[in-house]
Protein chains: 2
Amino acid sequence: MTENAKNKQNLKELVETKDFVEHLSIDCVIFGFHKDKLKVLLLKYHDLDLWCVPGGFIFNDENLNDAAARTLYERTHLSNVYLEQFYTFGDVRRTENNVHQKLLENKNIAVEENHWIHQRYISVGYFALVDYTLTYTFPDSFNEVCRWFDISELPELAFDHKEMIEKGLLHLRKNIDYQVMGSNLLPDKFTMKELQHLYEAILGEPLRRNNFQRKILSLNILERLEKHFTGSANKAPYLYRFLDNSEIKNLDFDK
Amino acid sequence: MTENAKNKQNLKELVETKDFVEHLSIDCVIFGFHKDKLKVLLLKYHDLDLWCVPGGFIFNDENLNDAAARTLYERTHLSNVYLEQFYTFGDVRRTENNVHQKLLENKNIAVEENHWIHQRYISVGYFALVDYTLTYTFPDSFNEVCRWFDISELPELAFDHKEMIEKGLLHLRKNIDYQVMGSNLLPDKFTMKELQHLYEAILGEPLRRNNFQRKILSLNILERLEKHFTGSANKAPYLYRFLDNSEIKNLDFDK
DNA sequence: CCAAAAGTGTTAGGGATACACCCATGG
DNA sequence: CCATGGGTGTATCCCTAACACTTTTGG
């Protein structure tokens, strides 16, 4: 079976499945961090010059949150990832530019006119925080291109996915939690400078080096490890690691 | 037509309507404030000893947020109300205790077995902030009892509505905004003490009288009006009013 | 020894907290 | 004139911002 034929088969199975909750979908804004830049992971539709946030549908007998995790896994092979619901998008016209329809036409897959894929649907938006260095493997069952984009250099996006990314980022900024964000977006070991650059990328503003260090250390959520020698002619920075919740010592309880 | 027959008619029309988005609903946690207590507005199902948060369905050609406002109006005759989405509830088992089914049985309305009302559905949760003193008029088209409940004395609730109320309250606490909450939950004019009691009810903890006053006044979002004489033998408190956004003078820009 | 970057110290200011005091009101 | 509750003043603490200084590293 050729690649194209396989894709067609997968797509056909998808729209003919009766087990999905109709008129409802899930979309997942995946944030990563690399070289001082905040990134989102996007997929490109086959044969179309449009990108989108990874999404999927909900089985009739599946919890919404489970469907989000499954969708994320199927589209990116990521599991055990920080995942949080942030907003449900329900404007009537949000799916007007119906990419799915074009896709089906391209592949000559016939779908009845009143099939729900042609109608409006409402999408529950999730965001995920993933370690950029771990996300090198992606499936190609839909033969979409999968790529990280800098948050400030997004390509043309399908539906209302641009708004989704913006709203997801705002949510991230507003509900900023040092431990959750740092421990999910950075590799296991990191320098203070890397951690600082992460927060600067998310907040979109510079922070003072020494004050940032003091503040984050006072939270007692980091463990200082060995020094990291880069070979450059300056003092070597320490590496740090986020403590597990069980390791965290709150000074208030230390007597 | 008797009351009961009318109710039956309404219910019948509801389930036979083809224009709703299937498997999806809206629920609205309505917060009010009265006599130093935070309240929620609940409806009682006819013939059942179960209460619920006002809810409704979404028309196929209707924006999600518009549907929430319409639902709120239909159930409570409230309009121009502060309304905000906070979470979408999608566990498979959340509607297992199917109140709708019992209701239909009670009224002897036959619905086909595979009608969506019998299946799982996902509900988008909104919360509303309303002035308790304005909410004296309610429709009775479903002949439900409509009543305010103290947040700490909730009756038995249908589905996962207890969880909804809790989650809505948490959202309110976390994203507390003095202006939005105060100006929607209090009448137009109020004393500083009333405002303080409102925040104490929401936060669930006592605040210091004088510090609270200083803090809220420093925000420059209040206008001091005439004194309010209660007849008691003590200094009369001022009345205050929230400024419109256009009236607010930010000290940073005053030169 | 020097430049570059990391780590630590030190001071000033703003906001929150806790306490105290004065003022208006009606009996 | 007194009890009561409302309004304002003030000292303290703590967190943060801003700046300065010391330490480490490889050339």
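Reminder, nothing fancy here: chain letters follow the sequence lines and each chain counts from 1.
When all heavy atoms are compared, the tightest approach of A:Leu207 to A:Tyr199 is CD1-CB, 4.0 Å. The two residues A:Thr88 and B:Gln85 come nearest to each other via the heavy atoms N-OE1, 2.7 Å.
Contact of the A:Leu41 side chain with the A:Cys146 side chain is registered, since non-hydrogen atoms from C-beta on lie closer than 4.5 Å. Within the 4.5 Å cutoff, no side-chain heavy atoms of A:Trp51 are placed close to those of A:Leu154. Under the 4.5 Å side-chain criterion, counting only non-hydrogen atoms from C-beta, B:Asp131 is not in contact with B:Leu185.
Atoms CG (B:Leu239) and C1' (D:dG7) sit 15 Å apart, rounded to a whole Å. The interatomic distance linking B:Ile216 (CD1) with C:dA16 (P) rounds to 11 Å, in whole Å. Note: CD (B:Glu226) to P (C:dA24) measures 18 Å, nearest angstrom. D:dG27 atom P lies 13 Å from atom CZ of A:Phe229, rounded to whole Å. Following rounding to the nearest Å, B:Lys215 (NZ) and C:dG15 (C1') show an atom-to-atom distance of 9 Å. Going from atom CZ of A:Phe212 over to atom C1' of C:dG7 covers 15 Å, rounded to whole Å. Atoms NE2 (B:His228) and C1' (C:dG26) sit 15 Å apart, rounded to a whole Å.
Picking from C:dA24, D:dT24, D:dG7 the nucleotide with the shortest atom distance to the side chain of B:Lys227 gives C:dA24. In this structure, of C:dA24, D:dG26, D:dT24, it is D:dT24 that holds the atom nearest to the side chain of A:Lys235. The side chain of A:Arg209 sits closest to C:dG7 out of D:dT25, C:dG7, C:dA24. Among D:dG7, D:dA18, C:dA20, the nucleotide with an atom closest to any side-chain atom of B:Asn210 is C:dA20. Side-chain atoms of A:Gln213 lie closest to C:dG7 of the nucleotides D:dT25, C:dG7, C:dA16.
Within 3.5 Å, no donor on the side chain of A:Arg214 pairs with an acceptor on the base of C:dG7, nor the reverse. Side-chain atoms of B:Asn234 and base atoms of D:dA3 include no donor and acceptor less than 3.5 Å apart.
Side chains of B:Glu200 and B:His197: a donor on one and an acceptor on the other come within 3.5 Å.
Of the residues in residues 190-199 of chain B, those placing a heavy atom less than 4.0 Å from an atom of DNA chain D are B:Lys193, in numerical order.
Of the two residues contacting DNA chain C, namely A:Asn211 and A:Pro237, the nearest-nucleotide position lying further toward the 5' end is that of A:Pro237.
A cation-pi contact, defined as under 6.0 Å to the ring centre and within 45° of the axis, links B:Arg147 to B:Phe149.
Contacts of B:Thr230 with the nucleic acid, taken as non-hydrogen atoms under 4.0 Å apart, are absent.
In this structure, A:Arg208 does not reach the D:dA17 phosphate: none of its side-chain N or O atoms is under 4.0 Å from OP1 or OP2.
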